[in-house]
Visitor: 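Dropping a structure here in structure tokens format, bear with me for questions.
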Amino acid sequence: MTQILEQNSLYIGSDHLTWADLCHRVATRVARLAPGRMASQNTSWDLSRSRLGFVVDTMADALSYVAYGLSHDLDFAVVERSRLSSSVIDRFRDNGVTLIDGTTGHVMAPASGSPEPGRVTVLTSGTTGVLKLIPHTAATLNTFDRVQDLPENTWFLPYQIGSYAWYQMVMLGLFQPKQTLIPGDFNNLIASFEAALEQGALTAVSSTPTFWRQALLSIDPALLARAPLRSLSMGGEIVDQPILDRLAELYPKAVIRHIYASSEAGAAIVVSDGKAGFPARLLERDIARINLRVRDGRLFVRSPYANRNEAQSWVDTGDLVEQRGDRFYFLGRAGNTMINVGGQKAFPPDIEAHLMTHPDVIWARVTARKAPLMGALPVASVVLARPIGFDAAEQMLTRHCEAGLADYAVPRLWDFPTDIPMRASLKS
């Protein structure tokens with residue numbers, strides 16, 4: 001592990017550091033930890049005997065504690081201080097996780113969980129409620145272990161601290177030779193991406209489609225076009241054809257992949273043929289020990305990269321898919337996706353994908369609104385690439401939808417915000 005920590009590097013602001021440098025940063029803080037922080041005792045505290053959650057304020061500290069936790073085979077998690085609330089603290093305590101202030105070394109919330117050496121706890125985004133704690137290991141998070149001779153790259157890391165996608169990129173930076181990370185600044189993520197592009201060192205980006213749409217809306221097109229990007233990976237949301245086509249046009253020599261993965265099921269599908277969805281031939285086939293199947297329109301995954309509670313079992317992802325010809329397409333999450341328009345089924349992802357085929361549309365979101373007689377109607381919120389009057393925009397996009405969608409799927413109400421809503425998870 002020591003050799004690994006000294007092998008790869010990353011940029012923290014203007015500092016170019018190895019993972020070993022980061023590990024040393026927190027070693028002195030960890031050495032100060034003692035039960036006396038919780039009670040009047042002076043004996044040293046063996047961290048391996050507790051399940052730990054390091055509370056951090058910066059990306060540098062988060063990465064440092066991951067390097068330290070892995071190198072010492074601890075049972076640990078990292079969480080941003082800004083995510084803490086009484087309900088979140090209770091969630092950690094209920095799971096037996098002792099929260100430690102990563103800056104001062106003080107114990108913030110003691111708990112009595114039984115540690116499992118090597119357990120790494122992933123945090124869900126918490127967008128549908130209080131965040132969940134998903135148990136993984138370095139082995140289940142290191143989905144790049146099956147990739148041979150990965151080309152040398154410098155990656156932009158935009159993901160939220162402690163999330164599954166963030167850990168995947170951290171494992172890439174730790175365990176794959178010649179992979180350098182440039183973490184984004186969450187105080188202004190797009191500005192930090194722009195700064196990284198201006199440095200000219202970036203060759204690869206892993207992100208969500210929403211991140212790219214925000215970048216396309218905010219960053220000088222000339223700067224984006226001249227960036228020497230040769231590897232683009234997207235996930236976390238449905239990856240539609242318009243964003244794939246736009247990035248392929250912008251970076252014709254880059255390998256563009258979209259990846260299906262989740263905190264529970266792990267990494268499952270990697271598609272690099274430039275098309276939305278995934279080939280039907282992947283079903284029921286053993287590809288790198290990963291299996292897929294569809295039952296009643298729901299996707300199930302069995303993967304060695306699933307979390308420790310779901311190891312080698314079929315995981316119901318909760319995602320709906322539909323086969324069209326020789327390909328499956330994602331329709332959204334079960335229970336919150338289909339709009340019943342007078343008995344007809346309209347799926348927001350299909351309407352959104354069609355809207356984004358229009359050259360003036362950067363981002364679109366379709367929701368349902370209750371309506372007398374019809375039950376519900378689709379409502380569209382659209383961010384445009386250029387200023388257009390409301391009436392002209394509504395007429396333009398209504399005609400566009402009428403030309404490619406069934407009548408019941410054409411949005412009846414419109415909204416045109418100026419900014420793309422991007423959550424900390426990089427999803428919209």
Side-chain angles (χ1 to χ4, degrees), residues 122 124-136 140 143 163-165 168 208-210 234-241 244 257-271 273 275-341 343-354 365-368 375-376 378 406 408-409 425 427-428:
V122 172
T124 64
S125 61
T127 54
T128 57
V130 177
L131 60 77
K132 292 187 294 184
L133 280 59
I134 310 296
H136 274 275
T140 60
T143 58
S163 67
Y164 179 79
Q168 280 198 297
T208 62
T210 293
M234 286 185 290
E237 300 174 297
I238 295 175
V239 180
D240 56 73
Q241 198 62 50
L244 287 168
R257 303 176 181 88
H258 53 105
I259 300 169
Y260 177 84
S262 72
S263 302
E264 292 84 359
I269 305 171
V270 179
V271 180
D273 60 7
K275 299 178 183 179
F278 62 92
R281 58 180 169 78
L282 297 184
L283 290 186
E284 309 290 1
R285 293 180 57 184
D286 190 326
I287 301 175
R289 296 176 294 152
I290 297 172
N291 303 99
L292 310 174
R293 69 184 181 192
V294 174
R295 296 290 183 269
D296 298 323
R298 296 166 74 107
L299 178 66
F300 290 76
V301 173
R302 184 169 61 189
S303 169
Y305 303 107
N307 73 86
R308 289 173 61 152
N309 292 338
E310 304 286 354
Q312 296 304 314
S313 63
W314 285 101
V315 179
D316 179 0
T317 66
D319 286 305
L320 301 179
V321 295
E322 180 179 69
Q323 186 169 5
R324 303 169 190 168
D326 62 355
R327 212 164 181 88
F328 277 90
Y329 294 87
F330 288 95
L331 301 178
R333 299 288 292 173
N336 62 354
T337 178
M338 188 269 290
I339 302 174
N340 188 334
V341 186
Q344 301 287 343
K345 296 179 180 180
F347 289 95
D350 287 340
I351 305 171
E352 292 162 1
H354 182 74
R365 174 66 71 243
V366 174
T367 56
Y408 60 82
S425 60
K427 303 175 186 179
S428 58

Visitor: Which distance, rounded to the nearest 0.5 Å, do you find between the CG of Leu299 and the CH2 of Trp314?
Guide: 9.0 Å

Visitor: Distance from Gln168 atom CD to His136 atom NE2, nearest 0.5 Å?
Guide: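 With rounding to 0.5 Å, CD (Gln168) is 8.5 Å from NE2 (His136).
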
Visitor: Short question: side chain of Arg293, backbone of Arg302 - any donor-acceptor pair under 3.5 Å?
Guide: no

Visitor: Is there a donor-acceptor pair closer than 3.5 Å between any side-chain N or O of Tyr164 and the backbone N or O of Ala267?
Guide: yes

Visitor: Could you tell me the separation between the OG1 atom of Thr124 and the NZ atom of Lys132, rounded to the nearest 0.5 Å?
Guide: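 Interatomic distance, Thr124 OG1 to Lys132 NZ, rounded to 0.5 Å: 6.0 Å.
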
Visitor: Between CG of Asp273 and CZ of Phe278, what distance do you get to the nearest 0.5 Å?
Guide: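 Between atom CG of Asp273 and atom CZ of Phe278 there are 12.0 Å.
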
Visitor: Spell out, as yes or no, whether a donor-acceptor pair under 3.5 Å connects the side chain of Gln344 to the backbone of Ala346.
Guide: no

Visitor: Could you tell me which non-hydrogen atom of Ser303 sits nearest to which non-hydrogen atom of Val301, and how far apart they are?
Guide: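 Closest pair (atom of Ser303, atom of Val301, distance): CB-CG1, 4.0 Å.
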
Visitor: Do side-chain atoms of Glu352 reach the backbone of Val366 as a donor and acceptor pair under 3.5 angstrom?
Guide: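 Here the side-chain-to-backbone pair exists.
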
Visitor: Salt bridge or not for Asp326 and Arg281, using N-O below 4.0 Å?
Guide: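 Salt bridge flag = no for Arg281 with Asp326.
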
Visitor: I would like to know whether Ile134 and Glu264 meet side chain to side chain contact (heavy atoms under 4.5 Å, CB included); could you show each step before the answer?
Guide: CA-CA 7 Å; Ile134 310 296; Glu264 292 84 359; 3.8 Å; yes

Visitor: If you apply the rule side chain to side chain contact (heavy atoms under 4.5 Å, CB included), what do you find for Tyr408 with Ile339, and how did you get there?
Guide: CA-CA 10 Å; Tyr408 60 82; Ile339 302 174; over 6 Å; no

Visitor: To the nearest 0.5 Å, tell me how far Ile238 CD1 sits from Leu331 CG.
Guide: 7.0 Å

Visitor: Measure from the side-chain N and O atoms of Arg327 to the backbone N and O of Lys275, and report whether any donor-acceptor pair falls under 3.5 Å.
Guide: yes

Visitor: Inspect the contact between Arg298 and Asp319 and indicate whether a charged nitrogen and a carboxylate oxygen are less than 4.0 angstrom apart.
Guide: no

Visitor: Identify whether NZ of Lys or CZ of Arg in Arg295 sits under 6.0 Å from the centre of the six-membered ring of Phe300 and within 45° of that ring's axis.
Guide: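 Pair Arg295/Phe300 does not count as cation-pi.
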
Visitor: Quick one: do Lys345 and Asp350 make a salt bridge, cutoff under 4.0 Å?
Guide: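 Result for this pair is no, no salt bridge flagged.
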
Visitor: Using 0.5 Å steps for rounding, measure from the CG atom of Asp240 to the OH atom of Tyr329.
Guide: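 The distance works out to 11.5 Å.
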
